[in-house]
Protein chains: 2
Amino acid sequence: MKVGIMGAGQLGRMLALAGYPLGLQCEFLDPNQDSPGGQVGPLISGGFDDRECLARLARDAAVVTFEFENVPMAAMDLLGKCTPVWPPAEALGASQDRLDEKTLFRRLKIPTPEFAAVDGLEDLRRAARRIGLPGILKTRRLGYDGRGQYPLRRLDDIEPAWSLLGKAPLIYEKFIAFSREVSLIGVRSTRGETRFYPLCANTHEAGILRYTTAPYRNAPLQKQAETYLKRLMRHFDYAGVLTVEFFVRRGQLIANEMAPRVHNSGHWTIEGARTSQFENHLRAVLGLPLGDTAAVGHSAMVNFIGTLPAAGNILRLSGVHFHSYGKEPRPNRKLGHCTVTLPSREARDRILRTLLKLRA
Amino acid sequence: MKVGIMGAGQLGRMLALAGYPLGLQCEFLDPNQDSPGGQVGPLISGGFDDRECLARLARDAAVVTFEFENVPMAAMDLLGKCTPVWPPAEALGASQDRLDEKTLFRRLKIPTPEFAAVDGLEDLRRAARRIGLPGILKTRRLGYDGRGQYPLRRLDDIEPAWSLLGKAPLIYEKFIAFSREVSLIGVRSTRGETRFYPLCANTHEAGILRYTTAPYRNAPLQKQAETYLKRLMRHFDYAGVLTVEFFVRRGQLIANEMAPRVHNSGHWTIEGARTSQFENHLRAVLGLPLGDTAAVGHSAMVNFIGTLPAAGNILRLSGVHFHSYGKEPRPNRKLGHCTVTLPSREARDRILRTLLKLRA
């Protein structure tokens, strides 16, 4: 059975590897011929808006899905005429635009930082006055890993921020002084079956996820986060994995952003949960029964960014698994990750400290 | 980094899938163009004795390994001139011939059923008298899944057994009335690091492995089995996964046969152990540190033979994972397996009973 995947990055690669045991053959569409996905499965090399390539991807596919947010909506429309496409286009659309996303959060009573649309310098001045400083000016679209953002600490930052980002539609958000960033990964199948992984805690460096620990055990926050994801899933009549990142402030969750796909903060589930997010995403979009999402121990996932340590230095550590994405090293590029899963949190944290010191 | 694999059956397929996260690209040599391995990685389609194909497999490979026993020794010699080949040819050779194998077991003081070489009808009569009945006449080479065997219960069985199998070199073995068949999977790296999985218990139907449960907790037998495998590993200066099947009789182990490769009775390790036999085989032949072999719960692996149940009927069961090999159904063909891993033995056994009743 064939599954089409828009994008052949590491998320697509891990989807394809999870698909093989299920008897699935994932085929990718990606303009990059030497992609992480293309190394493990068939690749259609072409643009995401190429009608001929889209038709090939959809041909004989039981379902088409995507592994990144910036799939053109026109491509979703075209694909949807030939084959089922999950997650739904409306969820993808909301995730592509920070203003739409936060407006939806507000509508569904999911707490979110105060925000305002910014379409001119005057808008920005007004937003900074009304919402206050510090805050962050962000492009509404195409930002990731901290790109397309400008932090505003004083009124003097307004003009430089505007001159750097002002060419695109923007959103101004209040800066949230948070104690922790967590994310919840949920999955809902086309038959409506729904499961949630335990919350995980995320630590960023220079705007890029550096490591995740799981499970983040906090029953009230877990329940609250699940309530919010259920609202989103119902709203979209969702199928697939859905991720929402939250700030934790004074014991409350504030939604930062959603991703209608498998997520970097869920990589620990390959070894650390009974069923990985990748397998569950495939089960969900195909209408198969979902797998158990319970954690099997205490896990930490560490991203390797820019350089990759030698495999031997990673694998000599107890309980550690290594995932290379087959990419050429480049600054700020996610080249691979490793996961440690151990029965106790203390043992996990000891190995985590060593992993964070590993260099190429 | 490239790893060459002789054979592209399901064992090769699962090796390749374990290799991708480690940044390895497995390439197969197999005459069958539509093989389970060839669906997940590059395949050189050709005979195992084709010099040109063997040279291609060895080219740029960090190591060549194999996934079945009947690799021609001439191919091992040729490959060995171009690249490291593990496990060692001597271990492969011993496993190809039941007489050599049992003679080696005896030499290393590993208990084995009484046996005798049979090269003529008179040999067989003499063996049956000396060793006694019941017994089994087996071809020395090329037998698997119960093929090439003839059970002898009475003296009258001698002539029909001889007329069926007498064209090939044979071995007569005493029939062992055993209470249990278990297997031990061990792994030794090219650097000499050695680890063992917990023993598992195997149940056959019509000569083919039907299901395995693990761990089979018996500390004295575990220790005894590890001692025997260590002797074999030292003898061969072994690297890779090594499997030995034992009968348990009156609390003692009697070695039935060895396989110098990953083994069907080790499939449970994908979900049921901290590191799978497939990943550890690759780590071992590449000289990487070995992964933890501890079980993470109670597992059972069920083979699907001849027919494959619908994925949905398997996946709806709690704690169950499915592995399709991408093969066309055919009687007596192993088409896939599933593994259940659960925290308690009782829960595992409940699901196992359901799995054994699943039909296509």
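In what follows, chains carry the letters A, B, and so on, assigned in the order in which the sequence lines appear, proteins first and then strands, with residues in each chain numbered from 1. In what follows, every heavy atom counts, from backbone to side chain, and hydrogens, waters and symmetry copies are set aside.
More than 12 heavy atoms of other shown residues, nucleotides or ligands fall within 6.0 angstrom of atom CZ in A:Arg210. More than 12 heavy atoms of other residues, nucleotides or ligands shown are found within 6.0 angstrom of CZ on A:Arg333. Around the CG atom of B:Asp349, the shell of radius 6.0 Å holds more than 12 heavy atoms that belong to other residues, nucleotides or ligands.
With a 4.5 Å cut-off on non-hydrogen atoms, A:Glu271 does not touch chain B at all.
When B:Arg283, B:Gln25, B:Arg316 are compared by the number of non-hydrogen pairs under 4.5 Å with chain A, B:Arg283 comes out ahead. By number of non-hydrogen pairs under 4.5 angstrom with chain B, the leading residue of A:Glu193, A:His337, A:Arg274 is A:Arg274.
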Pairs of donor and acceptor atoms involving the side chains of residues 286-300 of chain B, under 3.5 Å and at least two apart or interchain, shall be tabulated with distances.
residue  : atom : partner  : partner atom : Å
B:Asp292 : OD1  : B:Ala294 : N            : 3.0
B:Thr293 : OG1  : B:Phe196 : O            : 2.9
B:Ser299 : OG   : B:Thr341 : OG1          : 2.9

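Of the inter-residue distances, the one linking B:Tyr20 atom OH with A:His323 atom NE2 reads 15.5 Å to the nearest 0.5 angstrom.
The interface of residues 3-18 of chain A with chain B, defined by heavy-atom distances below 4.5 Å, comprises A:Arg13, A:Leu17.
Using modelled atom types, no side-chain atom of B:His321 and backbone atom of A:Thr275 make a donor-acceptor pair closer than 3.5 Å.
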